[in-house]
Peer 1: 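Before we start, here is the structure in question, set down as structure tokens.
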Number of protein chains: 2
Amino acid sequence: MNGEDQAAVISAVLSGSRLLVAIAARSLGAVADRVTLPQFRMLVVLSGHGETKLVTMAELLDVNSSTAMRMADRLAAAGLVVREVNPMNRRESLMRLTDEGRRIVDQVTARRRDEIAAIVSRMSPAERQALISAMAAFNEAGGEPAEAGSHPLGWPDA
Amino acid sequence: MNGEDQAAVISAVLSGSRLLVAIAARSLGAVADRVTLPQFRMLVVLSGHGETKLVTMAELLDVNSSTAMRMADRLAAAGLVVREVNPMNRRESLMRLTDEGRRIVDQVTARRRDEIAAIVSRMSPAERQALISAMAAFNEAGGEPAEAGSHPLGWPDA
DNA sequence: CCACATTCTTGCAGTATGCAACATTAATGA
DNA sequence: TCATTAATGTTGCATACTGCAAGAATGTGG
């Protein structure tokens, strides 16, 4: 690949990256008065992962277990998650979303999808098709871990 | 646009978003022992914006001025930025990167570009061309503010 | 039963964050 | 000119996020 080609594709990808991050930030702003970003990440994990124990949650979020502990405390106090001891193993306690918690995740996700939909709707059908193919190839080449329930470190990620 | 088309393009874009966020996070990990994420955002703004006063910095980062104030204090203590009173207006003090601060920004940026380059190098030339076009169209449709020095809210953004 | 591992929990320290109050400096108007 | 107002930086206070380390409760293997 020649240098100009290289520079062009990197520049294009970086611009797209900024745009996507901005979209993620805006979609999150809608609930910023109810949950913080780290708290929202925890809700997202619960949304895609179901009942989760503390240690697993800490690994999925890539934070210390004490950090996950206190976040869970606050979310429980806010009524967005519930925690109960696992009857199968009384050492661990499982947490899951309340209806209210799920509502928040759905709200942000819907907003995010709406924003992306609004953008792609301004593209021509040919451009849309090209975008699908190009992103598929990019994701493939990137060894995308983004399959069902695999949240490596969902940052402003929903 | 039909429903399947819509779902396919949104799904593709969301997957790409996750991949790009993961790349941003990894590129940042290299300096995680020297600066925090918020601190790095401040360095990025200074890198693209030159000398900046406190209020402007706070607006660019979308944080309270007191938050920007203390972050600047810590970065100054770490020797990554310097602050000096503006001779033109003694109310305001301008801050700018030190050589050391710029080194950190460059290091992360280079790492990010390397990761993207590695991914696109695994794509065929035709796929790369398609990616450039598709991202350009997407950025255009998104009204991308990502021009020179325009950092709306550069999160894991470099 | 005892040693060990797993899991959760709490204490401590540093950073991030916003609001509100204050001092200093500049701009504005009478 | 001088008083009022605006802009800017700064600090106090409260809350949240973060990791490390130590401890308690529970389970597992010998």
Side-chain angles (χ1 to χ4, degrees), chain A residues 25 28-29 31-45 51-96 104 153-157, chain B residues 25 28-29 31-46 51-96 104 153-156:
Chain A
L28 209 43
V31 296
D33 54 332
R34 302 210 50 190
V35 295
T36 66
L37 172 55
Q39 286 170 357
F40 180 74
R41 289 180 61 209
M42 182 172 280
L43 297 184
V44 168
V45 167
E51 284 195 327
T52 310
K53 64 176 179 172
L54 187 69
V55 173
T56 303
M57 174 60 72
E59 285 170 357
L60 291 173
L61 294 180
D62 192 29
V63 298
N64 192 281
S65 64
S66 65
T67 297
M69 173 77 183
R70 275 120 182 181
M71 275 173 48
D73 288 346
R74 295 183 190 108
L75 287 174
L80 304 182
V81 308
V82 290
R83 307 178 68 181
E84 45 197 19
V85 174
N86 184 353
M88 302 281 91
N89 185 340
R90 297 216 315 278
R91 271 183 305 192
E92 53 193 47
S93 72
L94 304 175
M95 71 180 113
R96 54 183 166 74
I104 288 186
L153 26 65
W155 248 358
D157 203 31
Chain B
L28 209 42
V31 297
D33 54 331
R34 302 211 52 193
V35 295
T36 66
L37 171 56
Q39 286 169 358
F40 180 73
R41 290 180 61 210
M42 182 171 281
L43 297 184
V44 168
V45 168
L46 289 176
E51 283 195 329
T52 310
K53 64 176 178 172
L54 187 68
V55 172
T56 302
M57 174 60 72
E59 284 169 358
L60 292 172
L61 295 180
D62 194 28
V63 297
N64 192 280
S65 64
S66 65
T67 297
M69 173 77 183
R70 274 118 181 182
M71 275 172 47
D73 288 345
R74 295 182 189 110
L75 287 174
L80 303 182
V81 308
V82 290
R83 308 177 68 180
E84 46 198 17
V85 174
N86 184 353
M88 302 282 92
N89 185 340
R90 297 217 314 280
R91 271 185 305 193
E92 52 193 48
S93 73
L94 304 174
M95 71 181 113
R96 53 183 167 73
I104 288 186
L153 25 65
W155 248 358

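Labels below follow one simple rule: chain letters A, B, ... track the order of the sequence lines, proteins then strands, and each chain is numbered from 1. On a predicted model such as this, the values are computed, not experimentally measured, just so you know.
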Peer 1: Nearest heavy atom decides the nucleotide; on that basis, is A:Pro38 or B:Asn64 closer to the 5' end of DNA chain D?
Peer 2: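 Upstream on the strand: B:Asn64.
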Peer 1: Which whole-number value in Å describes the distance from B:Gln39 CD to C:dA16 C1'?
Peer 2: 9 Å
Peer 1: Would you indicate, yes or no, if C:dG14 has its OP1 or OP2 atom less than 4.0 angstrom from a side-chain nitrogen or oxygen of B:Arg74?
Peer 2: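 For C:dG14, OP1/OP2 do not have a side-chain N/O of B:Arg74 under 4.0 Å.
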Peer 1: Specify the separation, in whole Å, of atom CG of A:Leu61 and atom C1' of D:dC17.
Peer 2: 12 Å
Peer 1: D:dC17, C:dT17, C:dG11: which one has an atom nearest the side-chain heavy atoms of A:Met71?
Peer 2: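 The answer is D:dC17, which lies nearest to the side chain.
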Peer 1: B:Thr36 near the nucleic acid: base, sugar-phosphate alone, or nothing, with a heavy-atom cut-off under 4.0 Å?
Peer 2: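 The answer is sugar-phosphate, as B:Thr36 gets under 4.0 Å only of primed atoms, P, OP1 or OP2.
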Peer 1: So, does the side chain of B:Ser66 form a donor-acceptor pair with the base of C:dC19 at under 3.5 Å?
Peer 2: yes
Peer 1: When you compare the side chain of B:Met57 with that of B:Val63, does any pair of heavy atoms fall below 4.5 Å?
Peer 2: no
Peer 1: Which value, rounded to the nearest 0.5 Å, describes the distance between A:Arg74 atom CZ and A:Leu80 atom CG?
Peer 2: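 Output value for this atom pair is 13.5 Å.
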Peer 1: Considering only heavy atoms and no angle criterion, is a donor-acceptor pair shorter than 3.5 Å present between the side chain of B:Arg91 and the base of D:dA7?
Peer 2: yes
Peer 1: Could you state the CZ-C1' distance from B:Arg90 to C:dA23, rounded to the nearest angstrom?
Peer 2: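 Rounded to the whole Å, the gap is 14 Å.
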Peer 1: Ignoring backbone atoms, test whether A:Lys53 places a side-chain nitrogen or oxygen under 4.0 Å from the OP1 or OP2 oxygen of C:dT7.
Peer 2: yes
Peer 1: Out of curiosity, B:Gln39 CD to B:Leu61 CG, how far, rounded to the nearest 0.5 Å?
Peer 2: 11.5 Å
Peer 1: Starting at the 5' end of DNA chain D, which residue's closest nucleotide do you reach first, B:Val55 or A:Val63?
Peer 2: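 Looking at DNA chain D, the more 5' nearest nucleotide goes with B:Val55.
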Peer 1: Calculate the interatomic distance between B:Asp33 atom CG and C:dT15 atom P; express it in whole Å.
Peer 2: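 Distance check: B:Asp33 CG to C:dT15 P gives 14 Å.
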Peer 1: Nearest to the side chain of A:Asn89, heavy atoms from C-beta on, is which of C:dT9, D:dG27, D:dG12?
Peer 2: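 Per side-chain heavy atoms of A:Asn89, the pick is D:dG27.
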Peer 1: Can you tell me how far apart CZ (B:Arg41) and OG1 (B:Thr36) are? Round to the nearest 0.5 Å.
Peer 2: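 Separation between the atoms: 10.0 Å.
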Peer 1: Evaluate the side-chain proximity of A:Met95 to A:Met42: yes if any heavy-atom separation is below 4.5 Å, no if none is.
Peer 2: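 Yes; the side chains approach each other to less than 4.5 Å.
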Peer 1: Provide, to the nearest angstrom, the distance between the CG atom belonging to A:Asp73 and the P atom belonging to C:dC8.
Peer 2: 12 Å
Peer 1: Whole angstroms only, please: what is the CE-P distance between A:Met57 and D:dT18?
Peer 2: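 Atom CE in A:Met57 sits about 13 Å away from atom P in D:dT18.
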Peer 1: Classify the side chain of B:Arg70 versus the base of D:dG12 as yes if they form a donor-acceptor pair under 3.5 Å and no if they do not.
Peer 2: yes
Peer 1: A:Leu94 has an atom CG; how far is it from atom P of C:dT7, in whole Å?
Peer 2: 12 Å
Peer 1: Distance check: side-chain N/O of B:Thr67 vs OP1/OP2 of C:dA16, anything under 4.0 Å?
Peer 2: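 Looking at the OP1 and OP2 atoms of C:dA16, neither is under 4.0 Å from any side-chain N or O of B:Thr67.
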Peer 1: May I ask you to say what B:Ser65 touches in the nucleic acid, namely base, sugar-phosphate or nothing, with a heavy-atom cut-off under 4.0 Å?
Peer 2: base
Peer 1: Side chain of B:Met69 only, please: which of C:dA16, C:dT25, D:dG9 is the nearest?
Peer 2: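 Out of C:dA16, C:dT25, D:dG9, the nucleotide with an atom closest to B:Met69's side chain is D:dG9.
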Peer 1: Measure the distance from CZ on A:Arg34 to P on D:dA16 and round it to the nearest whole Å.
Peer 2: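 In whole Å, D:dA16 P lies 15 Å from A:Arg34 CZ.
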Peer 1: Taking it one step at a time, do A:Asn64 and A:Met69 satisfy side-chain contact (heavy atoms from CB on, under 4.5 Å)?
Peer 2: CA-CA 9 Å; A:Asn64 192 281; A:Met69 173 77 183; over 6 Å; no
